[in-house]
Amino acid sequence: MRYEIDWMIRPRTMIRALGATLLAGLWLVPRVSLGDPPKLSERSVSVVALDVRKELDRKFSEGLGLRDGGATEVTMVLSIPDREVFALDLKSAALTAFTDDKGTNLLPPGRRGNATPLQGGGISSDGHRAKVALQSYVPPAEGATKLVVKGTIPASCGADLKQVRQNEVSLLEGTKFKLGSLELEVAKSPTAPFDDSAMTVRLKNNASLRPIKSLRFLSSSGKEIKSQPMGSSFRRSNKTIVETRDFALWEKADSVTVEAEMFTQTETIQIPISLEISVGLGSPVCAGK
């Protein structure tokens, strides 16, 4: 019972403080409680952090260690349970409104050139959540109590999930092989195997490995070798991407059959954003009225 009560209280406290949740592109007003979490089957956008700073006179702030200049930053988490997201196209995002309830345009022309106000784009390991921050060097007007954010963010998602395999893949360093549309390479593995495993295999690709949903190894007899993902690395340099994944195998092998469940195509979906966020600069705003 204590666990259930604690589970209900914490989301309510956070949601009351942030005052914003988007479900399926619509601003919803809960009739009973502000603490009802979004259904796991529905796409949602939730505000998880808000930073608002007034622009202060230098004489007022001298010696206080306060940050210079006004700013407004909203950090959001996009949840897409019905798709696996590979990337967010923030440069193509359409931000139609970022204002306060006093009508202040928080992104006036000329303040940041043509740079997108959306930053971040980090994606969770399962591909169902992504973080994005909306940044502006303009604070809300004095007495403003709400921020309004509207727009859409394109997301590149996996499509056409299929089983693919490649037989007799040598595990010698430098071996290259095709797995669906990806060309992988057996890279230098960590010297020490994990725990009581027999060996470690590192696979490298000069592109994202996100299309691979799951992967397994089979011995020459066709029996599955016990394996476990051990970690990954991602490196971007200019226009070059290199991603690796490590797997611990509990059977020594010179060659294996590699099977994977992977997306062979991609599709672009538009994630709508329509938020009203309480900033707490005046009287509390009750979303239920």
Path from [X] to [Y] over hydrophobic side-chain contacts below 4.5 Å:
| X | Y | answer |
| --- | --- | --- |
| Leu218 | Trp250 | no |
| Val52 | Leu275 | yes |
| Leu249 | Met230 | no |
| Leu118 | Ile269 | yes |
| Ile123 | Phe263 | no |

Do any N or O atoms from the side chain of Arg245 and from the backbone of Leu209 form a donor-acceptor pair under 3.5 angstrom?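 The answer is yes, because a donor-acceptor pair under 3.5 Å joins these two groups.
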Does Asp101 reach the main-chain N or O of Thr145 with its side chain, forming a donor-acceptor pair under 3.5 Å?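 Side chain of Asp101 to backbone of Thr145: a pair is present.
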Within this structure, what is the OG-CG distance for the pair Ser227 and Leu215, rounded to the nearest 0.5 Å?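 Output value for this atom pair is 7.5 Å.
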Mind checking the CD-NZ spacing from Glu183 to Lys178? Nearest 0.5 Å is all I need.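 The distance works out to 6.0 Å.
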Are any non-hydrogen side-chain atoms of [X] and [Y] less than 4.5 angstrom apart?
| X | Y | value |
| --- | --- | --- |
| Val47 | Val74 | yes |
| Ile271 | Thr152 | no |
| Val138 | Leu107 | no |
| Leu182 | Ile212 | yes |
| Val149 | Leu95 | yes |
| Lys226 | Glu251 | no |

Look at atom [atom1] of [X] and say whether more than 12 heavy atoms of other residues, nucleotides or ligands are closer to it than 6.0 Å.
| X | atom1 | result |
| --- | --- | --- |
| Lys102 | NZ | no |
| Glu267 | CD | yes |
| Asp254 | CG | no |

Stepwise, does the side-chain contact (heavy atoms from CB on, under 4.5 Å) test hold for Phe234 with Ile241? CA-CA 7 Å; Phe234 183 92; Ile241 293 176; 3.5 Å; yes
When you check the side-chain N and O atoms of [X] and [Y], is any donor under 3.5 Å from an acceptor?
| X | Y | result |
| --- | --- | --- |
| Thr99 | Asn105 | no |
| Ser124 | Asp126 | yes |
| Thr244 | Lys204 | no |
| Thr264 | Asp160 | yes |

Check the pair Leu147 / Leu106 against side-chain contact (heavy atoms from CB on, under 4.5 Å), numbers first and verdict last. CA-CA 9 Å; Leu147 302 180; Leu106 299 180; 3.8 Å; yes
Please determine whether side-chain contact (heavy atoms from CB on, under 4.5 Å) holds for the pair Phe194 and Asp246, giving the CA-CA distance in whole Å, both sets of side-chain angles, and the decisive distance to 0.1 Å. CA-CA 10 Å; Phe194 169 73; Asp246 294 344; over 6 Å; no
If you look at every heavy atom in Ala93 and Pro154, which pair is closest and at what distance?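 What the structure gives for the nearest pair is CA-CD, 3.7 Å.
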Can Thr75 and Glu73 be said to form a side-chain contact (heavy atoms from CB on, under 4.5 Å), step by step? CA-CA 7 Å; Thr75 303; Glu73 180 173 332; 3.9 Å; yes
Pair Lys213 + Glu84: basic N to acidic O under 4.0 Å: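 Yes.
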